[in-house]
Amino acid sequence: MEVRLEGLTKQFTETIAVDNVSVTFESGKLIGLLGPSGCGKSTTLFMISGLLKPTKGKIYFGNDDVTNLAPEKRGIGLVFQNYALYPHMTVQQNIMFPLENLKLSRQEALERTKEMATLVGINELLDRKPAQLSGGQQQRVAIARALVKKPRVLLLDEPLSNLDARLRLQTREEIRRIQRETGITTIFVTHDQEEAMSISDKIIVMSKGLVQQEGIPQVVYNKPINLFVSKFLGNPPINTFDGKISNGKIIIGDIELGKTNCNDQNVVIGIRPEDFKVAEDGFEVSITDLSRIGRDTTVYFNLNGIETRALINSEEVSTVNKIKLKVKREKIHLFNPEAGDCINE
Amino acid sequence: MNKFSTFKTKFNDLRWRMRNYKNDVKSLITNFFDKIYIGRIFKLNFFKGMLYLSPALILILIFTLYPIINSLLMAFYENYTPVDGMIDGFTLDNFKSVLKPGFLVAIKNTALIVFVSVPISVIISLFISVMLNSVKFLKSFFQTIFFLPYVTNTIAIGLVFSLMFDFDYGLINSILEFVGNTFVGDFFDLFGVTISPLHWKDSQATYATAMTTLLIYTIWGSLAFKIMVFTAGLQNIDKQYYDAAKVDGTSKWRIFTKITVPLLSPMIAYITITSFIGAFKSYTTVVALFGETGRTAGSVDLRTIVFYIYGYIMNGNALNPGELSRGAAASLMLFGIILVFTVIQMYVNKKRVHY
Ligand SMILES: Nc1ncnc2c1ncn2[C@@H]1O[C@H](COP(=O)(O)OP(=O)(O)O)[C@@H](O)[C@H]1O
Ligand SMILES: [Mg+2]
């Protein structure tokens, strides 16, 4: 089921939490709604679920306008940030709860519950209470409860934020697998860019209630539309420098990085740490610090007054503390210093 | 402004020094106790704990424990005269003489108050709290209204109730008279029920009407505290449970029975047990409505068990040896009844309450 938002706006008494958002969540895809805390992701999700009424704008499920439809009529499954499992019910009762409101025989309900428990892998926990489960297990129960009604859309609000690092990695693969197996349209809210990039078919980056950029994760990563997106995606983060374009050359301080046919102007130059390459014809920098993790080495140096990180192949780092680096032209991101927009040739 | 901030700095300085001083004293005491070692069982912590508890313990010993033991013994004294403390020996006759027909009526009255007023008031207050919790407009105003009875004197409210249930100019009878003359009255006439003013509590009141008045009064008076506790409990329930239920299309009634009540069950259990105990000890409500005799002018007896106990205590003088012992015997029986019911409830709660 395709979900489409048209000019969706939510204004709370003071803040505009979501500002004129128009995006499409394609059918059968896992889509990551990504942005820093407080940017309006949850608000968007709750408007899609129907728990919050939009101030303006429309929500379409396929061709149906569901803007004024009650949550239970939309056919959605919702997983809350802290799971909201009913503490007084067993796992089985929790998963079955949504079915009790449907016209379904008990036998059928039990079968569906079993089916969901198998899907998320919690078969042997059905008689436990939520308090007797680990965070990861609670998470699975919450997903099973959201899916048991066979919803058209699955909404997940920061589903991994309450898990520890190792479980988070494991559970996100699990979510990916469940989404693949069921083929359900899934909207996945997170503030963790790595999480979104690693499992999403498409990401939508939000900031301050506005959609900044949407697209396939790698494309958004390689072609950030503005400074915010370039800084928000990537770990370690992108290096940014105040530079200028002069006579068709991209210049930081007294170093020439490459050529361009843009007009002369001041620019913000963004270079991702992994885009520096060791090259004989590059510019020379003095290494201030090194940290070697297996195949990769992070090299720290000072470039025109900015503490800079470069990620390079360990074999190419000699013991000398000078190194010559180069960046490919298409890996140099140019941004307008005022608006932060990307400058394209 | 500047003067004020200097003062503030000095004040905070002083507070800091006082805290240091307190910590010094504390470590002094701890060090002192660390040096004392009293056997293997009475280790330091026990000793220290007892020291901290001692003010409360001493008061409890004098004003609670001693009287309890004393009244326990008193129930078995024969011909006890409180003036000189003389007894003729020990006996079980006190219990026998308490169990006369009048006391059985008191047990019946008390049981009615307990088993009718407590369940009804718990259910009503639960509904009112849930509704209060869902209104947004003028919420605290309504909360204040429902809480007013709690801060008002029982006897004063009793006077108001007496007026409301008055035969000639009471509000209730005015309403009954009005309703009786409308189509509702005609409708009930079809079934042989006449809606007309009733003798609630005057000399012509029957047991049924007088008890009904008492029950309504008891229920109404006990709502306030329960509503307050339930409202506080409801505010502690995570809103997301309701969101989750809403997404799944759960009806209001099912949300109430399957989510609100179970999540509130510790509070409900607490309120039910304490209300049962309180209702077993009913006394002021009867006095407030029917005066110190506990009877209507037409001699309908509404006295409770505690009424009897107080009666024995007030008669307990040199001329009536043994009255106090009978009072003690009656309280012991009340204690037994309350104990049995509380244990039963605890047992039931263990199975049904989700902590
Ligand atoms: N019920 C509310 N009332 C007022 N402001 C709210 C409410 N819910 C969220 N906001 C505000 O809206 C903005 C977006 O919130 P939210 O959607 O929860 O962000 P996030 O992206 O972290 O999920 C925040 O500034 C938040 O303070
Ligand atoms: Mg959020």
Side-chain angles (χ1 to χ4, degrees), chain A residues 42 45-53 66 69-90 93-104 109 129-132 138 141-158 162, chain B residues 122-123 126-127 129-130 133-140 229-273 345-355:
Chain A
S42 298
L45 201 74
F46 286 135
M47 282 194 285
I48 296 172
S49 75
L51 288 172
L52 276 179
K53 280 247 161 306
V66 299
L69 212 59
E72 69 269 18
K73 302 218 175 88
R74 297 191 181 191
I76 47 152
L78 184 54
V79 175
F80 290 87
Q81 186 164 2
N82 51 8
Y83 318 139
L85 296 176
Y86 307 120
H88 55 286
M89 299 182 195
T90 63
Q93 286 167 333
N94 261 290
I95 300 176
M96 258 173 84
F97 191 77
L99 296 178
E100 287 173 31
N101 304 313
L102 303 178
K103 298 215 177 343
L104 214 67
K129 291 269 177 76
Q132 298 165 311
Q138 289 182 22
V141 178
I143 293 177
R145 185 179 67 179
L147 284 177
V148 75
K149 261 193 334 183
K150 309 225 151 99
R152 304 188 285 178
V153 181
L154 177 63
L155 308 172
L156 305 156
D157 188 12
E158 309 246 5
N162 285 346
Chain B
V122 167
I123 290 169
L126 197 57
F127 273 105
S129 321
V130 169
N133 202 42
S134 59
V135 295
K136 297 195 174 66
F137 183 65
L138 288 180
K139 186 174 191 158
S140 22
V229 172
F230 287 150
T231 316
L234 285 173
Q235 267 152 14
N236 280 334
I237 298 180
D238 194 340
K239 209 181 128 298
Q240 293 213 324
Y241 295 131
Y242 295 109
D243 280 344
K246 223 191 302 173
V247 168
D248 294 330
T250 319
S251 66
K252 285 239 158 64
W253 176 250
R254 265 178 60 81
I255 289 179
F256 177 72
T257 55
K258 293 275 176 160
I259 298 174
T260 306
V261 170
L263 289 179
L264 212 57
S265 56
M267 295 260 179
I268 298 175
Y270 162 76
I271 280 289
T272 314
I273 290 183
Q345 277 199 62
M346 298 270 214
Y347 179 75
V348 174
N349 287 346
K350 222 181 209 161
K351 301 203 149 167
R352 318 215 81 206
V353 175
H354 312 278
Y355 288 105

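The analysis underlying the following values was restricted to heavy atoms, covering all of them including side chains, and did not include hydrogens, waters or symmetry mates.
- With values rounded to the nearest 0.5 angstrom, B/Arg254 atom CZ is found 5.0 Å from A/Phe97 atom CZ.
- Here B/Asp248 is the residue among B/Asp248, B/Asp238, B/Ile259, B/Leu263 with the most heavy-atom pairs under 4.5 Å with chain A.
- A pairwise comparison of heavy atoms in B/Asp243 and A/Phe80 identifies CB-CZ, 3.6 Å as the closest pair.
- Shown here for B/Lys246 and A/Pro71, the closest heavy-atom pair between the two residues is O-CB, 4.3 Å.
- In this structure, no portion of A/Leu99 lies under 4.5 Å from any heavy atom of chain B.
- Remark: B/Lys139 NZ is packed, more than 12 non-hydrogen atoms of other residues, nucleotides or ligands lying under 6.0 Å away.
- Within a 6.0 Å sphere centred on NZ of B/Lys258, other residues, nucleotides and ligands contribute 12 heavy atoms or fewer.
- When the candidates A/Asn82, A/Leu102, A/Val79, A/Leu78 are compared by the number of heavy-atom contacts under 4.5 Å with chain B, A/Asn82 comes out ahead.
- Within 6.0 Å of atom NZ in B/Lys239, 12 or fewer heavy atoms from other residues, nucleotides or ligands are found, so the atom counts as exposed in its surroundings.
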